[in-house]
S.K.: 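The structure follows.
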Amino acid sequence: MKQVLAGVVIAAFVILPWRTGMGNTVAHAAGGDARKGKAVYEKSCVLCHGPQGRGDGPVGKTINPPAADFTSAASKKKTDAELLATIETGRPPTAMVGWKGQLSEAEIQDVLAYVKSLRQ
Ligand code: HEC
């Protein structure tokens with residue numbers, strides 16, 4: 001019985017702060033900086049997605065399927081989580097590769113914020 005109690009206490013101290021920490025990450029996720037994201041976008045994404053995010057960059061319009069047009073109705077319906085998942089892990093078998101590891105977490109959040117700013 002004592003061991004069970006100790007287990008619960010340990011779980012409370014180990015798991016709760018961890019979960020709270022995760023919460024902070026999600027809160028931060030919503031707060032990417034679009035201005036910083038623009039620089040990331042111009043370096044890593046613009047050749048495919050184009051300067052206005054219409055999928056018409058010099059490379060993006062030549063590939064099949066073409067790069068996603070962020071201003072399309074279908075793309076505007078995507079949630080932050082869906083866009084984030086595509087940026088992080090890519091969309092095989094299209095030319096969209098995953099950027100996790102290539103870009104830092106902060107850069108990914110910033111570029112996500114910039115992508116969303118192109119939707120208007
Ligand atoms: C080599 C070309 C290429 C590059 C570089 C590229 N993408 Fe893509 N991207 C694509 C293609 C192709 C798709 C998928 C289109 C489809 O599914 O029809 C895509 C899809 C996406 C989507 C999903 C959009 C939606 O509506 O579902 C997001 C978000 C995205 N890219 C963001 C980025 C970001 C951010 C970068 C830079 C870090 C980037 N892409 C770099 C080609 C590219």
S.K.: Show the nearest heavy-atom pair for residues Pro92 and Thr89, with the distance to one decimal.
M.R.: CD-O, 4.4 Å
S.K.: Using the test side chain to side chain contact (heavy atoms under 4.5 Å, CB included), find all partners of Thr94 that sit at least two apart in sequence or belong to another chain.
M.R.: Pro65, Arg91, Met96
S.K.: Quick one, Glu105 and Lys100 - any side-chain contact, counting heavy atoms below 4.5 Å?
M.R.: yes
S.K.: For Gln52, enumerate each residue passing the side chain to side chain contact (heavy atoms under 4.5 Å, CB included) test, keeping only those at least two apart in sequence or located in another chain.
M.R.: Arg54
S.K.: Distance from Lys76 atom NZ to Leu83 atom CG, nearest 0.5 Å?
M.R.: 13.0 Å
S.K.: How long is the gap from CG on Asp56 to OG1 on Thr62, to the nearest 0.5 Å?
M.R.: 11.5 Å
S.K.: Show the nearest heavy-atom pair for residues Ala113 and Gly32, with the distance to one decimal.
M.R.: CB-O, 3.4 Å
S.K.: According to salt bridge (charged side-chain N to carboxylate O under 4.0 Å, His left out), who are the partners of Asp33, at least two apart in sequence or on a separate chain?
M.R.: Arg35
S.K.: What salt bridge (Lys or Arg N to Asp or Glu O under 4.0 Å) pairs are there with at least one residue in residues 40-53, not counting sequence neighbours?
M.R.: Lys38-Glu42
S.K.: Does any part of the side chain of Lys78, heavy atoms only, come nearer than 4.5 Å to the side chain of Arg119, both counted from C-beta?
M.R.: yes
S.K.: Establish whether Val40 and Val97 are linked, either directly or via other cluster members, by ILVMFWY side-chain heavy-atom contacts under 4.5 Å.
M.R.: yes
S.K.: Quick one: does Leu84's side chain get under 4.5 Å of Gln109's, heavy atoms only?
M.R.: yes
S.K.: Between Asp69 and Ser75, is a side-chain contact (heavy atoms from CB on, under 4.5 Å) present by the stated rule, with each step listed?
M.R.: CA-CA 7 Å; Asp69 174 357; Ser75 190; over 6 Å; no
S.K.: Looking at Cys48 and Ala67, what are the two nearest heavy atoms and their distance?
M.R.: O-CB, 3.3 Å
S.K.: Hey, does the side chain of Gln102 reach the backbone of Trp99 with a donor-acceptor pair shorter than 3.5 angstrom?
M.R.: no
S.K.: For Leu118, which residues count as a side chain to side chain contact (heavy atoms under 4.5 Å, CB included) partner, sequence neighbours excluded?
M.R.: Tyr41, Phe70, Tyr114
S.K.: Look up atom CD1 in Ile63 and atom CG in Leu47, then write down how far apart they are to the nearest 0.5 Å.
M.R.: 10.5 Å
S.K.: Look at the side chain of Thr86 and the backbone N and O of Glu82, then say whether any donor-acceptor pair between them is shorter than 3.5 Å.
M.R.: yes
